[in-house]
There are 2 protein chains.
Amino acid sequence: MNIGDAARASGISAKMIRHYEAIGLISAGRGANQYRVYAQADVAELRFIRHARDLGFPLQDVKRLLDLWRNRARASAEVKRLALDHVAALEAKAKSLSAMAESLRHLTEHCHGDERPDCPILEELGGAFSS
Amino acid sequence: MNIGDAARASGISAKMIRHYEAIGLISAGRGANQYRVYAQADVAELRFIRHARDLGFPLQDVKRLLDLWRNRARASAEVKRLALDHVAALEAKAKSLSAMAESLRHLTEHCHGDERPDCPILEELGGAFSS
DNA sequence: GCTTGACCTTCCCATAATAGGAAGCGCCAC
DNA sequence: GTGGCGCTTCCTATTATGGGAAGGTCAAGC
């Protein structure tokens, strides 16, 4: 299987597959023509990576998860700790974004949004809430 | 006022002030010694930028907001549209992160997290939810 | 056997926002 | 007049991804 097929089978672009190899996340065999060669097991790893990325794990965490996945004797405790840390990070980020959205929505509700120039949004940005 | 004072007065690092100038967000006069010189109005702009950044506006949006802010004859409609678009983007992002957090938290609840190797988190990442 | 087109290779560049650091000069206080 | 701080520019790194150029390879069709 060449890289294009592996890309289609895993949902990861060929570009990113090469990148993941370059940063040591995965490895790939080479054929006589120097083309990268992938087996089903490699595709499974790529899919694993994609699922982890879909859950927002940074590549550094993906690397550790992948190592744990490959290791049949791993302790599930480490996986759980990694996952819970990540959950906390995700929730913190989501909360922060929601807070931003809410304060901005609050501002927009007081802006009539017509052709007139006065605008509480700009006024607020212009120095009101100092910190 | 030199860049260090402007940085302290605005809460934006000198590094970033130079960067904002380099990308055309702001401009600064120069003194006889080629040092950047800032007036109170410049500090006000920097503070405006920081507030907008605090609300999560990308610099591209900040640039437009800043142009609107400088323009006394602007229509508040454009500001409001920009702000509402950004609110929508923030909320979408927050929702996406919350969804990630929730599915991951769900997985962790089924992982006993001890020294045993079996782990539903890894199993799930390993191919269960295909898409 | 040669062309064509799809695929592969490597290497460079770009994004967004911020930070760290090096090398060199200016300036003020002591 | 010197020490130390501040300023200058330029280079590098981060995170994850994509775009593109220049060139090699392979299979199909004529």
Side-chain angles (χ1 to χ4, degrees), chain A residues 1-39 42-43 46 48-66 85-86 89-90 92-93 96-97 100, chain B residues 1-38 42-43 46 48-66 82 85-86 89-90 92-93 96-97 100:
Chain A
M1 200 191 289
N2 283 340
I3 199 171
D5 305 296
R8 276 178 290 273
S10 66
I12 296 181
S13 71
K15 209 97 191 184
M16 288 315 296
I17 294 176
R18 289 192 199 95
H19 178 64
Y20 290 162
E21 183 183 345
I23 64 174
L25 200 56
I26 54 173
S27 60
R30 296 293 180 127
N33 48 15
Q34 289 303 98
Y35 284 15
R36 288 170 180 81
V37 178
Y38 298 90
D42 300 314
V43 173
L46 288 171
F48 179 97
I49 292 170
R50 188 166 66 80
H51 294 331
R53 293 287 303 131
D54 285 348
L55 285 176
F57 282 99
L59 285 181
Q60 209 164 5
D61 288 18
V62 174
K63 180 158 177 50
R64 292 211 281 160
L65 288 170
L66 200 47
D85 284 357
H86 184 51
L90 287 173
K93 189 91 186 174
S96 159
L97 291 178
M100 285 184 210
Chain B
M1 199 191 288
N2 282 342
I3 199 171
D5 305 295
R8 276 179 289 273
S10 67
I12 296 181
S13 71
K15 210 98 190 183
M16 289 314 298
I17 295 177
R18 289 192 200 98
H19 178 64
Y20 291 160
E21 183 183 345
I23 64 175
L25 200 56
I26 52 172
S27 61
R30 296 294 179 125
N33 48 15
Q34 287 306 96
Y35 286 15
R36 289 169 178 82
V37 177
Y38 300 89
D42 300 314
V43 173
L46 288 171
F48 180 97
I49 293 171
R50 187 165 67 81
H51 293 331
R53 294 285 304 132
D54 286 348
L55 285 175
F57 282 99
L59 285 182
Q60 209 164 6
D61 288 18
V62 174
K63 182 161 175 50
R64 292 211 279 158
L65 288 170
L66 200 46
L82 249 174
D85 285 357
H86 184 51
L90 287 174
K93 187 89 186 175
S96 159
L97 291 178
M100 285 184 208

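Below, chain A is the first sequence line, B the second, and so on; all start at residue 1.
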Under 4.0 angstrom between [X] side-chain N/O and [N] OP1 or OP2:
| X | N | result |
| --- | --- | --- |
| B:N33 | D:dT8 | no |
| A:R18 | C:dC8 | no |
| B:S13 | C:dA19 | yes |
| B:R30 | D:dT9 | yes |

Considering only side-chain heavy atoms of [X], which listed nucleotide, [options], is closest?
| X | options | answer |
| --- | --- | --- |
| B:I3 | C:dG21, D:dA16, D:dT8 | D:dT8 |
| A:L59 | C:dA19, D:dA16, D:dC7 | D:dA16 |
| A:Y35 | D:dG18, C:dT9, C:dA17 | C:dT9 |
| A:R36 | D:dT17, C:dT18, C:dT10 | C:dT10 |
| B:N2 | D:dC7, C:dC11, C:dA16 | D:dC7 |
| A:Y20 | C:dC7, D:dT8, D:dT17 | D:dT17 |
| A:M16 | D:dT25, D:dC7, D:dT17 | D:dT17 |

Task: End-to-end axis angle, where each axis spans five pairs of the helix from C:dG1-D:dC30 to C:dC30-D:dG1, to 10° - done: 30°

